[in-house]
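Below is one structure, written out as structure tokens, with a few remarks after it.
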Amino acid sequence: MQSLLARLLCAAVLSCGTARAAEVSVAVAANFTAPMQKIAAEFERDTGHKAQLAFGATGKFYAQIRNGAPFEVFLSADDTTPAKLEEEGTVVAGSRFTYAIGKLALWSAQPGVVDDKGEVLRRGAFAHLAVANPKTAPYGVAALEVLRKLGVADALAAKLVTGENIAQTHQFVASGNAELGFVALSQVWSDGRLTGGSAWRVPAELHAPLRQDAVILAKGRDKPAARALADYLRGAKAAAIIKSYGYGQ
Amino acid sequence: MMSAADFAAIRLTLELAAVTTAILLVIGTPVAWWLARTRSAWKGAVGAVVALPLVLPPTVIGFYLLVMMGPHGPVGQLTQALGLGLLPFSFAGLVVGSVFYSLPFVVQPLQQAFEAIGERPLEVAATLRAGALDTFFSVVLPLARPGFVTAAVLGFAHTVGEFGVVLMIGGNIPEKTRVVSVQIYDHVEALEYAQAHWLSAGMVAFSFLVLFLLHSRKRGGAR
């Protein structure tokens, strides 16, 4: 039933797109790197369209899009940035939708460092805690919110190291230079389990929801491939992939 | 206008450049001297290693420094064994990164200056029975002075202009690893274009001034 539905959906996507395969240029929030690579591969197989992916910090993409970057679809790490772009008229009206709800994880590359309640933060027995830059990365904002809610923000302020985006934050922790850090669950989660190290899946009530919105940008207005990708992201196949990385929907 | 954080970044950058330049002059002088005088088969290899930062992207240098200085890397294990902790995310770590990154900018001008001296002054010094150290300080150093000035200025300026390596090993900590270039990047990403302009224009002016002085002095010296 579900596969039939998926097939129908693909057929619908194909029929409303052009017959010829096209390319669509996509700006993707760094936390969504792994799932998007999988989705893009499936998308190409199913529709023939090729998605050119660029990964980075949401704040940087915002600045680039405002300054005429050639992206046609934007997968943000939050919902405020696409809303801002919508207000400024640089997106196709009505194209905004939530493609995933991000989950935050406190993660260490070493097993046994992070307990499943995040008590390690209160003990503070570490030199460096990595977070994404809260000025530009929504996951960084959420991480600081968690620290404030736990009442350890001031105590840990001197131990914070800031990654330029969530990918660099992950790299700081993965290389062991920071003993632990707040990363996107999707970076350390695959097929329903932790890929390595130790982690605390931060409860959603400790921070504002990381609603991740996508938009079709003005440059993608007349591109069928851009529309096709937006539809594909809402399809069953994409949903399964997104879920397997620990995102909510 | 510029904020306190901007001034802190400027102060930190100047400190980093000064410390790096001082260390580079101490390390670079014997290396350059050896490169200038040796007939060893290793000359090519050592010269190539010194020049590596000229061609390697900062991402490669930053990535390897992060891995090598990390808890599982050889440098990281050494610093931990010595009780120094880990170097990334610290001022000392930035100094180590900068020393490597700016190495060719100090060694190469020194090497050229030493080579330009030639054999003759050294032979004369030897016939006057000057010792090796005496020769170095009273003959080589004065003759190679323009080379030292060029090396120091380029080493300093290049460290001020460093970005990729610092971004990758620094962790963006105010007053510890957030140098001007990283501060500018932050401003731009956060759409604080006015502050970004102040600092960026300052960098352009500083760099132009440094290079202008260097080039005017060179022409003066040739006359």
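So that the names make sense, note that chain A is the first sequence line, chain B the second, and so on, each numbered from 1.
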Heavy-atom side-chain proximity of V92(A) to L217(A) below 4.5 angstrom:
no
Suppose a student defines contact as a heavy atom less than 4.5 Å from any heavy atom of chain A. Which residues in residues 38-55 of chain B would they list?
none
Considering only NZ, NE, NH1 and NH2 on the basic side and carboxylate oxygens on the acidic side, decide whether K223(A) and E72(A) come within less than 4.0 Å.
yes
Just wondering, do T162(A) and P134(A) contact through their side chains at under 4.5 Å, heavy atoms?
yes
Taking side chain as everything from C-beta outward and backbone as N, CA, C, O, which of these in N165(A) sits under 4.5 Å from a heavy atom of chain B? Side chain, backbone, both or neither.
neither
Does the pair E86(A)/R96(A) count as a salt bridge with the N-to-O cut at 4.0 Å?
yes
Hey, what do you get for CH2 (W34(B)) to CZ (F114(B)), rounding to the nearest 0.5 Å?
14.5 Å
Within 45 degrees of the ring normal and closer than 6.0 Å to the centroid, is that where the cationic atom of R37(B) sits relative to W33(B)?
yes
Give the member of R178(B), H72(B), M168(B) that has the highest number of heavy-atom pairs under 4.5 Å with chain A.
M168(B)
Taking C-beta and beyond as the side chain, do Y62(A) and E88(A) meet within less than 4.5 Å on heavy atoms?
yes
Chain A contact via M69(B) - which portion, at a heavy-atom distance below 4.5 Å:
backbone
Toward chain B, the part of N177(A) with a non-hydrogen atom under 4.5 Å
both
Is there a side-chain contact between Q187(A) and I166(A), using heavy atoms and a 4.5 Å cut-off?
yes
Most contact-rich option vs chain B, by heavy-atom pairs under 4.5 angstrom, among Q64(A), Q171(A), E179(A), is Q171(A)
Proximal component of T136(A), with respect to chain B [non-hydrogen, under 4.5 Å]
side chain
Are R201(A) and W107(A) in a cation-pi contact, defined as NZ or CZ under 6.0 Å from the six-membered ring centre and within 45° of the axis?
no
Could you list which of residues 192-205 of chain B have a heavy atom closer than 4.5 Å to any heavy atom of chain A, in residue-number order?
E192(B), Y193(B)
Which residues satisfy the side-chain contact (heavy atoms from CB on, under 4.5 Å) test with A5(B), sequence neighbours excluded?
S3(B), Q183(B)
V161(A), N133(A), T169(A): which one forms the most heavy-atom pairs within less than 4.5 Å of chain B?
V161(A)
Would Q212(A) and Y247(A) count as having a side-chain donor-acceptor pair, cut-off 3.5 Å?
no
Within the structure provided, determine whether V26(A) and F71(A) are in side-chain contact (heavy-atom separation under 4.5 Å).
no
Considering only heavy atoms, which portion of L66(B) lies under 4.5 Å from any heavy atom of chain A: side chain, backbone, both, or neither?
both
Would you say that L121(A) contacts F182(A) through its side chain, given a criterion of any heavy-atom pair below 4.5 Å between the two side chains?
yes
Working to the nearest 0.5 angstrom, can you tell me the gap between L110(B) CG and T150(B) OG1?
9.0 Å
Options A178(A), A158(A), S175(A), ranked by heavy-atom pairs under 4.5 Å with chain B, top entry
S175(A)
Note, F61(A) side chain near V28(A) side chain (heavy atom, < 4.5 Å):
no
Counting only non-hydrogen atoms closer than 4.5 Å, can you tell me which residues of residues 82-96 of chain B sit against chain A?
L86(B), P88(B), F89(B)
In this structure, which one of Y139(A), Y245(A), F55(A), Y99(A) forms a ring pair (Phe, Tyr, Trp, His ring centres under 6.0 Å) with F32(A)?
Y99(A)
Contact between V202(A) and H207(A) at the side-chain level, heavy atoms closer than 4.5 Å - yes or no?
yes
